[in-house]
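Structure first, then comments.
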Amino acid sequence: MPRLSESCPESLSKQDFERLSHFRYRLRCFLRQSEDICRDHGLTPLQYQLLLHLKGFAGREWASVGELAERLQAKHHGTVALVGRCEEAGLVERRPGRADRRRMEVHLLARGADLAERIAALHQPELRHLQEEFSLPGWESEP
């Protein structure tokens, strides 16, 4: 990732700054609303993101701690602690891997899946609003 001290290959126009400002504003609106929804359901935003990534993990119904750390863009040890808190809350459980018993699989429990579904449904209106403003891959159809 380039550092601020490194020179930019081209100078940015006023329109570039306006576009970036608007994008960051809309993103922050989405995140703030998401934070409120999560707290209304007794979860932290990170707990919800963990549940969302488990529910939405491509190709299977579980993920490893390392895969979750990548999706959350978090440190491995922080993700281990988050999984532990979600486990204590009855949202997920860790299971030894089927192929490699040294690898732990994190699975959603019924309560975690239910919360993920309810909270995700409440995100749909804002997601549709973003879809109207921004063209992103995979957004050709309704979210």
Side-chain angles (χ1 to χ4, degrees), residues 1-99 103-143:
M1 179 184 281
R3 293 194 171 116
L4 288 177
S5 61
E6 294 176 5
S7 63
C8 205
E10 60 186 64
S11 61
L12 300 176
S13 69
K14 175 69 171 160
Q15 186 179 23
D16 291 327
F17 283 99
E18 289 171 2
R19 191 172 23 251
L20 184 57
S21 171
H22 181 71
F23 175 76
R24 294 297 301 235
Y25 167 68
R26 293 302 312 145
L27 180 61
R28 185 62 201 126
C29 288
F30 177 84
L31 292 173
R32 186 197 47 76
Q33 183 178 21
S34 177
E35 291 160 2
D36 292 344
I37 292 168
C38 292
R39 287 189 187 98
D40 288 347
H41 285 80
L43 294 180
T44 68
L46 271 177
Q47 286 173 321
Y48 167 66
Q49 287 178 55
L50 182 94
L51 301 180
L52 175 66
H53 292 313
L54 285 170
K55 185 84 173 157
F57 200 85
R60 59 179 194 254
E61 299 297 314
W62 60 272
S64 70
V65 172
E67 291 166 332
L68 291 168
E70 170 60 26
R71 299 293 291 199
L72 294 167
Q73 289 294 287
K75 301 281 186 198
H76 186 273
H77 65 276
T79 304
V80 168
L82 177 62
V83 168
R85 290 190 300 276
C86 287
E87 202 168 29
E88 288 171 13
L91 305 171
V92 303
E93 72 177 358
R94 287 179 249 213
R95 300 178 194 161
R98 287 165 251 184
R103 182 179 181 182
M104 295 302 289
E105 298 176 358
V106 182
H107 292 260
L108 269 179
L109 295 176
R111 181 169 180 262
D114 179 60
L115 278 168
E117 288 176 26
R118 284 193 284 143
I119 294 171
L122 294 171
H123 281 81
Q124 296 311 296
E126 184 66 17
L127 195 56
R128 276 190 282 283
H129 185 75
L130 288 174
Q131 183 182 10
E132 292 169 6
E133 285 196 51
F134 304 107
S135 174
L136 296 174
W139 279 20
E140 289 78 28
S141 60
E142 284 292 306

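Everything numeric in this text was worked out from a predicted model, so none of it was measured. When reading the values below, keep in mind they use all heavy atoms of this one structure, side chains included, and skip hydrogens, waters and symmetry mates.
Nearest heavy-atom pair across S34 and H123 is OG-NE2, 2.6 Å. Residues Q47 and G42 share a closest heavy-atom pair of OE1-O, 4.3 Å. Looking at every heavy atom in both residues, L54 comes nearest to V106 through CD2-O, 3.2 Å. Shown here for F57 and W62, the closest heavy-atom pair between the two residues is CD2-O, 3.6 Å. In plain terms, the two heavy atoms of G90 and L109 that are nearest each other are O-CD1, 3.7 Å. P45 and C38 make their closest contact through CA-SG, 4.0 Å (heavy atoms, listed as atom of the first residue, atom of the second, distance).
Side-chain atoms of Q124 come within 3.5 Å of backbone N or O of A120 as a donor-acceptor pair. No donor-acceptor pair closer than 3.5 Å links the side chain of D40 to the backbone N or O of I37. H129 contributes no side-chain N or O that, together with a main-chain N or O of P125, makes up a donor-acceptor pair within less than 3.5 Å.
The distance from atom CG of L130 to atom CZ of R26, rounded to the nearest 0.5 Å, is 5.5 Å. Here L50 contributes atom CG and R71 contributes atom CZ; the two are 11.5 Å apart, rounded to the nearest 0.5 Å.
Using a 4.5 Å heavy-atom cutoff, the side chains of R32 and D36 are in contact. When side chains are defined from C-beta on, M104 does not count as touching V83, because their heavy atoms never get closer than 4.5 Å. Looking at R94 and V80, their side chains come closer than 4.5 Å, going by heavy atoms from C-beta outward. Side-chain contact between L68 and L82 is absent, with no heavy-atom pair separated by less than 4.5 Å.
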query: Hey, mind stepping through H76 and V65 against side chain to side chain contact (heavy atoms under 4.5 Å, CB included) and telling me if it holds?
result: CA-CA 7 Å; H76 186 273; V65 172; 3.6 Å; yes

message: Working note: L12 + R19, criterion side chain to side chain contact (heavy atoms under 4.5 Å, CB included); need CA distance, chi angles, decisive distance, verdict.
response: CA-CA 11 Å; L12 300 176; R19 191 172 23 251; over 6 Å; no

field: Worked verdict on L51 versus L43 for side chain to side chain contact (heavy atoms under 4.5 Å, CB included)
entry: CA-CA 10 Å; L51 301 180; L43 294 180; 3.7 Å; yes

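More than 12 heavy atoms of other residues, nucleotides or ligands sit less than 6.0 Å from atom CD of E133. Heavy-atom contacts from other residues, nucleotides or ligands closer than 6.0 Å to CZ of R28 number more than 12. The environment of E35 atom CD is dense: over 12 non-hydrogen atoms of other residues, nucleotides or ligands sit within 6.0 angstrom.
Identified under the side-chain hydrogen bond (donor to acceptor under 3.5 Å, both in side chains) test for residues 106-122, with sequence neighbours left out: K55-E117, R95-H107, E105-H107, D114-R118.
Ionic pairing of E67 and R103 is present here: one or more N-O contacts between side-chain nitrogen and carboxylate oxygen are shorter than 4.0 angstrom.
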